[in-house]
Amino acid sequence: MKTLLGKKIGMTQIFTEEGVVIPVTVIEAGPEVVTQIKTVEKDGYSAVQVAFGETKPHRVNKPMTGHFEKAGVEIKKHLMEFRVEEGEAYELGQEITVSDFEEGIKVDVTGVSKGKGTQGNIKRHGHRRGPTSHGSKHKRLPGALAGASYPGRVFKGNKGPGRMGRETVTVQNIDLVKVIADRNLLLVKGAVPGGKGSLVKVRPAIKVQK
């Protein structure tokens with residue numbers, strides 16, 4: 001299961017041996033521990049549940065505390081489940097680290113984008129603004145939304161003002177530039193979704209482009 005939960009540390013840049021600068025995002029990935037193993041015979045499908053991130057015991061309720069005690073692991077902040085072909089290949093309490101990744105491969109990074117609150121149609125969808133001449137009252141308004149007698153209503157899905165951001169976004173086929181195993185760090189090329197300290201998921205690219 002080459003899938004790691006991590007925390008976005010921030011962005012920086014590194015230099016190659018040829019002197020080329022590469023912008024990278026630093027991700028503290030793992031170590032994550034196995035807290036539950038699901039099998040086809042017992043649960044109907046094969047999966048592994050992992051936990052990541054430090055937290056204080058009083059922030060976890062009693063059922064979750066018992067769940068961690070049953071697995072024999074320390075209380076963690078995040079829980080996530082991944083499908084695997086053979087869940088029996090893993091053990092409770094097993095640690096999964098960045099050593100499963102190799103430098104130079106393509107990875108997919110999933111995170112929750114930054115929330116921007118309620119925004120207008122110009123910022124949210126890139127619509128063109130209205131005339132700015134004297135007397136105009138439609139500089140940044142959405143304009144007409146429906147016809148007159150027909151259809152006489154606004155179609156569903158019409159682009160307009162509303163909540164922007166804070167959506168699950170996956171950036172595909174980005175280069176894994178460097179792996180720092182002793183510090184549990186992954187350096188991926190370019191930007192990834194989310195703000196500093198946000199939770200991200202890193203896995204080998206599914207749609208690898210040559």
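Glu28 places no side-chain N or O within donor-acceptor distance of the main-chain N or O of Leu185, the cut-off being under 3.5 Å. Between the Asp108 side chain and the Ile206 main chain, a donor and an acceptor come within less than 3.5 Å of each other. With hydrogens and angles ignored, the 3.5 Å screen pairs a side-chain donor or acceptor of Thr25 with a backbone N or O of Gly190. The backbone N or O of Ser133 sits nowhere less than 3.5 Å from a side-chain atom of Ser136 that would complete a donor-acceptor pair. Between the side chain of Arg140 and the main chain of Gly130, no donor-acceptor pair closer than 3.5 Å is present. At distances below 3.5 Å, at least one donor-acceptor pair connects side-chain atoms of Asn173 with backbone N or O atoms of Lys207. Between the side chain of Thr110 and the main chain of Thr170, no donor-acceptor pair closer than 3.5 Å is present. One N or O on the side chain of Asp43 and one on the backbone of Thr39 form a donor-acceptor pair closer than 3.5 Å.
Considering all non-hydrogen atoms of both residues, Lys139 and Ile122 come closest at O-CD1, 4.2 Å. Minimum interatomic distance between Met164 and Arg124 (heavy atoms only, all atoms of both residues): SD-CA, 3.8 Å. Contact record, Ala71 with Leu92: O-CB, 4.0 Å, taken as the closest heavy-atom pair. The minimum heavy-atom distance between Ile37 and Tyr90, with the atom names listed, is CD1-O, 3.0 Å. Across all non-hydrogen atoms, the minimal contact from Ser113 to Val169 is CB-CG2, 4.0 Å. When all heavy atoms of Met11 and Pro23 are compared, the pair lying nearest together is CE-CB, 4.5 Å.
Evaluation of the ring pair (Phe, Tyr, Trp, His ring centres under 6.0 Å) rule for His127 yields His125 as partners, not counting sequence neighbours. Legend: residues meeting salt bridge (charged side-chain N to carboxylate O under 4.0 Å, His left out) with Glu54, ordered by chain and number and at least two apart, are Lys76. Among residues two or more places apart in sequence or in another chain, the salt bridge (charged side-chain N to carboxylate O under 4.0 Å, His left out) test is passed with Glu81 by Lys38.
Between His67 and Gln36, the closest side-chain pair of non-hydrogen atoms falls below 4.5 Å. Side-chain contact between Asn184 and Pro31 is present, with at least one heavy-atom pair separated by less than 4.5 Å. Residues Tyr45 and Val40 are not in side-chain contact: their nearest non-hydrogen atoms beyond the backbone lie 4.5 Å or more apart. Using a 4.5 Å heavy-atom threshold, the side chains of Gln13 and Ile22 count as separate.
Within 6.0 Å of NZ in Lys70 there are 12 or fewer heavy atoms belonging to other residues, nucleotides or ligands. Shown here is Lys8, whose NZ atom has more than 12 heavy atoms of other residues, nucleotides or ligands within 6.0 Å.
A side-chain donor-acceptor contact under 3.5 Å links Thr35 and Gln49.
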